[in-house]
Amino acid sequence: MTLSALLVLADGRFPAGGHAHSGGAEAAVKAGRLKDAADLESFCRGRLHTTGLTSAALAAGAAHGLDPYELDAAADARTPSAALRAASRRLGRQLMRAARAAWPSPELDVLAAAFPRGAHQPVVLGTAARAAGLGPEEAAHCVAYETVGGPATAAVRLLSLDPYQATAVLARLAPEMDQVAERASAAAQQGVDALPAASAPLLDLTAEQHAAWPVRLFAS
């Protein structure tokens, strides 16, 4: 394992397409539920312990070597929103292109061939982590960070929020990111059926509304 590979994979400049997605923050801003740094912290905490935990466990399972077909089906079942399922596959397709360039791997080739329209993003991320020599917990850490990092970056753009405040939110959430990564990794050791299925229904509902907006800053 190389920690530098983890930094590359988690880097916001890694060309995986995440910068175009707000993680539900844009809809929350429009609805008036996200107005300042305190709201951002609550929003990110809720996302981290629900959909973040679920996605982190899927990625950890892929990094552990669980069946990618079963993992992709599990991701589908855990994503009620059609808009979010489509976004996850688009992100998975983009991440696959970047991962195959960075860490050429037969496992990535097989996954890309099996899902030409894109496997779910956490499954691709976990497989990419495995190709990079990382383990389940490292893959889960990457997902936990992007779960909160995406909305924090989006909030800076949407609210003209002080970037120092947004970074402070991420710093305060760091211990909880560690806890989520540990839980996700532990679940992955027990197989697909043991993976968590925590959800955030409001994110699903607002994702469908957001997808119908004629004008929006973020893809999701």
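Here the CE atom belonging to M177 is positioned 9.5 Å from the OG1 atom belonging to T147, to the nearest 0.5 angstrom. The structure places CG of L48 at 9.0 Å from CD of Q179, a figure rounded to the nearest 0.5 Å. Once rounded to the nearest 0.5 Å, the distance linking CG of D36 with CD of E41 reads 10.5 Å. Interatomic distance, NE2 of H120 versus CZ of R93, reported as 12.0 Å (0.5 Å rounding). Atom OG in S220 sits 6.5 Å away from atom CG in L91 (nearest 0.5 Å). To the nearest 0.5 Å, atoms CZ (R78) and OG1 (T50) are separated by 13.5 Å.
Following chains of ILVMFWY side-chain contacts shorter than 4.5 Å, one can reach L34 starting from L217, so the two form part of one hydrophobic cluster. A continuous path of Ile, Leu, Val, Met, Phe, Trp and Tyr side chains, each step under 4.5 Å between heavy atoms, connects V180 with L40, placing both in one hydrophobic cluster. Side-chain heavy atoms closer than 4.5 Å link hydrophobic residues (I, L, V, M, F, W, Y) into clusters, and following such links, even through other members, never connects L58 to Y145. Hydrophobic clustering of Ile, Leu, Val, Met, Phe, Trp and Tyr side chains at less than 4.5 Å, counting indirect connections, keeps V192 apart from L53.
S105 places a side-chain N or O within 3.5 Å of a backbone atom of E107 that can act as its donor or acceptor partner.
A 6.0 Å sphere centred on CZ of R33 holds more than 12 heavy atoms belonging to other residues, nucleotides or ligands. Surrounding CZ of F43 are more than 12 heavy atoms belonging to other residues, nucleotides or ligands, all under 6.0 Å away. More than 12 heavy atoms of other shown residues, nucleotides or ligands fall within 6.0 angstrom of atom CZ in R89.
Closest of all the heavy-atom pairs between L170 and A152 is CD2-CB, 3.9 Å. When all heavy atoms are compared, the tightest approach of A57 to A188 is O-CB, 4.2 Å. Smallest separation of non-hydrogen atoms from A63 and A139: CB-CB, 3.8 Å. The two residues D204 and L84 make their nearest non-hydrogen contact at OD1-CD1, 3.5 Å. The two residues A56 and V143 make their nearest non-hydrogen contact at N-CG1, 3.5 Å. The shortest heavy-atom contact between E138 and L6 is O-CD1, 3.5 Å.
Checking E146 against Q121 by side-chain atom types alone, a donor-acceptor pair falls below 3.5 Å. Side-chain contact annotation: S81 with E208, donor-acceptor N/O pair under 3.5 Å present.
With a 4.5 Å cut-off on side-chain heavy atoms, F218 and R157 count as touching. Within the 4.5 Å cutoff, the side chain of H141 has no heavy atoms near those of the L9 side chain. The closest side-chain heavy-atom distance from L195 to L71 is below 4.5 Å. When side chains are defined from C-beta on, H21 counts as touching R90, because their heavy atoms get closer than 4.5 Å. The shortest side-chain heavy-atom distance between V29 and K35 does not fall under the 4.5 Å cut-off. Inter-residue side-chain proximity for C142 and L125 is flagged as met; some heavy-atom pair is nearer than 4.5 Å. A heavy-atom distance below 4.5 Å is found between the side chains of K30 and W213.
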| Candidate pair H19 and T153, rule side chain to side chain contact (heavy atoms under 4.5 Å, CB included), full reasoning | CA-CA 8 Å; H19 65 279; T153 300; over 6 Å; no
- [ ] Might you work through the side chain to side chain contact (heavy atoms under 4.5 Å, CB included) test for R47 and V148, ending with a clear yes or no?
- [x] CA-CA 7 Å; R47 194 166 189 268; V148 297; 5.7 Å; no
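Taking the six-membered ring where tryptophan is involved, the planes of F14 and W103 are essentially parallel, since the angle between them stays under 30° and well short of 60°.
Ion pairing between a basic and an acidic side chain is recognised when a charged N comes within 4.0 Å of a carboxylate O; R216 and E26 show no such pairing.
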